[in-house]
Amino acid sequence: MNQAALVIVKPDGMTRGLLSSVLDKFAQTKLDIIGMKSIIATEELAREHYNHLKDKDFFNELIDYLTGKLHQNKNMIAVIYYGEDAIAKCRGVAGATHPEKADPWSIRGAFGRVRTDGLFENVVHVSSDDDEAEREIKLWFSPEEVSVSVYPTDTRAATERTVWV
Ligand code: UDP
Ligand code: MG
């Protein structure tokens, strides 16, 4: 079954010049790229993105991480991969959440680290299931920025803008 997966190269990956290495690794999945852009996470967007983790003791550090407060680069690259089993393929390439437990050939195993405060600085975000992918893609992209109509849309007559419904 074709599915979409959102990948975000987080501020540590950008600051350490890992963008091309990371994209090379995902290219090995042979999935299509159906959307890609540079994004900056405001406090509000970061909290929305990681809303399901709001009760964790590392939540504030995680928000600082995504909003770029821990690194030189604030901007991140968001990529939507699309194809057969996209989520499992992308999560496989990314590796386990904990960089020390990740396969050494995976992105997080090769480039991730655990900070002294305990936060996992693990280079990439990857959606973990279909519902999360849909929620995240609708959060970070507008329909016009995605080349395959993965989710239903509606065109508002007044503005002629197409919006997620
Ligand atoms: N994270 C962390 N410590 C933990 C769990 C998660 O620092 O014990 C951070 C890490 O950067 C991770 C992010 O929070 O990528 C989101 O956590 P999630 O459980 O969703 O892991 P992921 O889906 O990114 O593998
Ligand atoms: Mg997750």
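Just so we're clear, the structure is a prediction, and the values are computed from it rather than from any experiment. For ligands, and for the atoms within them, numbers begin at 1 and follow the listed sequence.
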Colleague: Take atom NZ in Lys101; do more than 12 heavy atoms of anything else shown fall under 6.0 Å from it?
Modeller: no
Colleague: Among all protein heavy atoms in this structure, tell me which lies nearest to atom 9 (C) of ligand 1, with the distance rounded to 0.1 Å.
Modeller: Leu62 CD1, 3.8 Å
Colleague: Heavy atoms only: give me the nearest Ala102-Gly109 pair and the separation to one decimal.
Modeller: CB-N, 3.5 Å
Colleague: Tell me, yes or no, whether the heavy-atom count around Lys56 atom NZ, taken from other residues, nucleotides or ligands under 6.0 Å, exceeds 12.
Modeller: no
Colleague: Looking at non-hydrogen atoms alone, which of His125, Arg91, Glu121 comes nearest to atom 23 (O) of ligand 1?
Modeller: Arg91
Colleague: Among all protein heavy atoms in this structure, tell me which lies nearest to atom 5 (C) of ligand 1, with the distance rounded to 0.1 Å.
Modeller: Phe58 CZ, 3.3 Å
Colleague: Decide ring-ring contact (aromatic ring centres under 6.0 Å, His included) for Tyr50 and Phe59; before the verdict, give the C-alpha distance in whole Å, the side-chain angles of both, and the deciding distance to 0.1 Å.
Modeller: CA-CA 8 Å; Tyr50 279 135; Phe59 186 66; 7.6 Å; no
Colleague: Please list the nearest protein heavy atom to atom 17 (O) of ligand 1 with its residue and the distance rounded to 0.1 Å.
Modeller: Leu53 CD1, 3.5 Å
Colleague: What I want to know is whether Arg108 and ligand 1 share at least one N or O pair that is separated by under 3.5 angstrom.
Modeller: yes
Colleague: Testing Leu31, Val150, Ile33 for side chain to side chain contact (heavy atoms under 4.5 Å, CB included) with Tyr82, which one passes?
Modeller: Val150
Colleague: Relative to the heavy atoms of Leu119, which atoms of ligand 1 are at a distance of less than 4.0 Å?
Modeller: 7 (O)
Colleague: Of the protein's non-hydrogen atoms, which lies at the shortest distance from atom 25 (O) of ligand 1, and what is that distance?
Modeller: Thr97 OG1, 2.5 Å
Colleague: Quick one: closest heavy-atom pair of Met76 and Pro11, and the distance?
Modeller: SD-CD, 3.5 Å
Colleague: With a 4.0 Å cut-off on heavy atoms, is Lys10 in contact with ligand 1?
Modeller: yes
Colleague: Starting from atom 15 (O) of ligand 1, which protein heavy atom do you reach first, and at what distance in Å?
Modeller: Asn122 ND2, 2.8 Å
Colleague: Kindly give the heavy-atom pair with the smallest separation between Leu45 and Ile40, and that separation in Å.
Modeller: CD1-O, 4.3 Å
Colleague: What part of Phe120, side chain, backbone, both or neither, has a heavy atom within less than 4.0 angstrom of ligand 1?
Modeller: both
